[in-house]
Amino acid sequence: MKEKVWNFMMENQMLSPGDRIVAGVSGGGDSMALLDVLFQLQEQGGFALAALHVNHGLRGGEAARDEQLVENYCRPRGISYKSVHLDVATLARQQKISVEEAGRRARLLALQEFANAWGGAKIALAHHKNDLAETVLHHLARGAGLRGMAGIRPVNGTVIRPFLGIEKQEIVHYLYTENIPWETDSTNLTDTYTRNRIRHHVVDYLEKQINPKAVEHIASAARIAKEADRYLANQGAELLTRHGCMEADGVHLEASFFAAPPIVQMYGILAAAEQLLGSRKDL
């Protein structure tokens, strides 16, 4: 599996000479496998490695157990390690969002802060093909265009996802064959969170009742959607540059703008809206 992950990292240009990489490590199987693979590839890749664990303050003894597990793995191997304690339940109430979303945001912010403090390091997350399939299905259910159908990207700014080319079953096999310690988050076994319900009931049904390669095929479709979105975004931006202009009261589009194919117009208008709003988030 290490060779497969290495090839995926090279194909997606995740590494540059002298990189520093901070792995987000929860203590679960996926992140512990990622930490071990990166540790094994460290010399080959010529990068420095650190690990950050975020204790969300939600699971009492389980959370303390997971934190200790990560520290016990890192310390004898000389991996730089830090643990951050957060009160995610309070953050969720303050921000008026779900605990799941509050945890995701807080975790990423903690990783970004640690990466910046460690000299602008890249952040490695353990999302894999099954996560990608779940994300695509979730986006489709909520309503999504090509960007949403692309799901999770292998590289997004300073965030890299070396496991996005492998499936969960490969990770589980690696954990057992390499005798890597890991713990199970009991909340992953419940249907409390939307992602869990998609995993337990939708993806599981698709693989068992429709096609055992459903995850692989959804991931393949996501890659196509990503490339199509990238191409159309470039076409839309070019159309806006040729037939639109930014003025004091907004973006003005010439009549010739609307001679382009409708899908390219749509992307051109998205580009204009992004200029006005400064972001594509929630657009």
Side-chain angles (χ1 to χ4, degrees), residues 1-2 5-59 63-88 91 95 101-128 131 152-166 171 174-175 178 180-183 185 279 281:
M1 192 176 82
K2 290 190 287 286
V5 172
W6 172 258
N7 290 337
F8 186 79
M9 293 177 75
M10 293 300 98
E11 288 167 9
N12 289 278
Q13 300 177 343
M14 292 186 183
L15 288 177
S16 298
D19 269 349
R20 290 169 172 254
I21 297 178
V22 176
V25 188
S26 67
D30 299 342
S31 62
M32 289 301 295
L34 175 65
L35 181 60
D36 188 80
V37 168
L38 290 176
F39 178 70
Q40 301 294 335
L41 293 176
Q42 191 174 356
E43 183 176 350
Q44 181 179 352
F47 57 85
L49 178 64
L52 180 74
H53 174 82
V54 178
N55 186 325
H56 295 81
L58 295 172
R59 295 183 292 116
R65 174 205 67 189
D66 296 348
E67 183 176 350
Q68 190 63 54
L69 171 71
V70 179
E71 182 177 355
N72 290 345
Y73 178 92
C74 292
R75 192 179 298 279
R77 293 168 176 80
I79 300 173
S80 299
Y81 165 79
K82 182 179 180 181
S83 180
V84 176
H85 287 242
L86 300 171
D87 185 350
V88 170
L91 291 173
Q95 299 173 25
E101 178 63 14
R104 187 191 67 80
R105 292 183 185 181
R107 186 167 58 249
L108 185 56
L109 179 60
L111 282 163
Q112 289 170 336
E113 290 176 347
F114 182 60
N116 290 337
W118 202 42
K122 292 177 179 176
I123 297 167
L125 301 179
H127 296 110
H128 45 74
D131 293 318
I152 309 170
R153 295 172 183 268
V155 179
N156 187 6
T158 59
V159 176
I160 61 174
R161 295 179 169 90
F163 275 8
L164 212 56
I166 59 175
I171 295 172
Y174 182 81
L175 288 167
E178 298 296 321
I180 298 166
W182 56 284
E183 296 288 355
D185 180 344
S279 170
K281 183 172 175 56

Might you point out which heavy atoms bring [X] and [Y] nearest each other, and give the distance in Å?
{"X": "V25", "Y": "V70", "value": "CG1-CG2, 3.8 Å"}
{"X": "I171", "Y": "G29", "value": "CG2-O, 4.1 Å"}
{"X": "D19", "Y": "S16", "value": "OD2-N, 2.7 Å"}
{"X": "V22", "Y": "A121", "value": "CG2-CB, 3.9 Å"}

Interatomic distance, [X] atom [atom1] to [Y] atom [atom2] [nearest 0.5 angstrom]:
{"X": "I152", "Y": "H127", "atom1": "CD1", "atom2": "NE2", "value": "5.0 Å"}
{"X": "I160", "Y": "N12", "atom1": "CD1", "atom2": "CG", "value": "10.0 Å"}
{"X": "L49", "Y": "I79", "atom1": "CG", "atom2": "CD1", "value": "5.0 Å"}
{"X": "H53", "Y": "S31", "atom1": "NE2", "atom2": "OG", "value": "9.0 Å"}
{"X": "L52", "Y": "I123", "atom1": "CG", "atom2": "CD1", "value": "9.0 Å"}

Mark yes or no for whether R161, through its side chain, and H128, through its backbone, hold a donor-acceptor pair below 3.5 Å.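 Not at all, since once roles are kept as given, no pair shorter than 3.5 Å links the two residues.
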Side-chain donor-acceptor distances from residues 110-118 under 3.5 Å, at least two apart:
residue	atom	partner	partner atom	Å
N116	ND2	Q112	O	3.2

Can you list the residues that meet the side-chain hydrogen bond (donor to acceptor under 3.5 Å, both in side chains) rule with E178, with sequence neighbours excluded?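 side-chain hydrogen bond (donor to acceptor under 3.5 Å, both in side chains) check on E178 returns nothing, list empty.
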Are the side chains of [X] and [Y] in touch, meaning some heavy atoms are under 4.5 Å apart?
{"X": "W6", "Y": "K2", "answer": "no"}
{"X": "E67", "Y": "H85", "answer": "yes"}
{"X": "L15", "Y": "I21", "answer": "yes"}

Can you give each donor-acceptor pair under 3.5 Å made by side-chain atoms of residues 34-44, sequence neighbours left out, with the distance rounded to 0.1 Å?
residue	atom	partner	partner atom	Å
D36	OD1	Y73	OH	2.6
D36	OD2	Y174	OH	2.5
Q42	NE2	F47	O	3.4

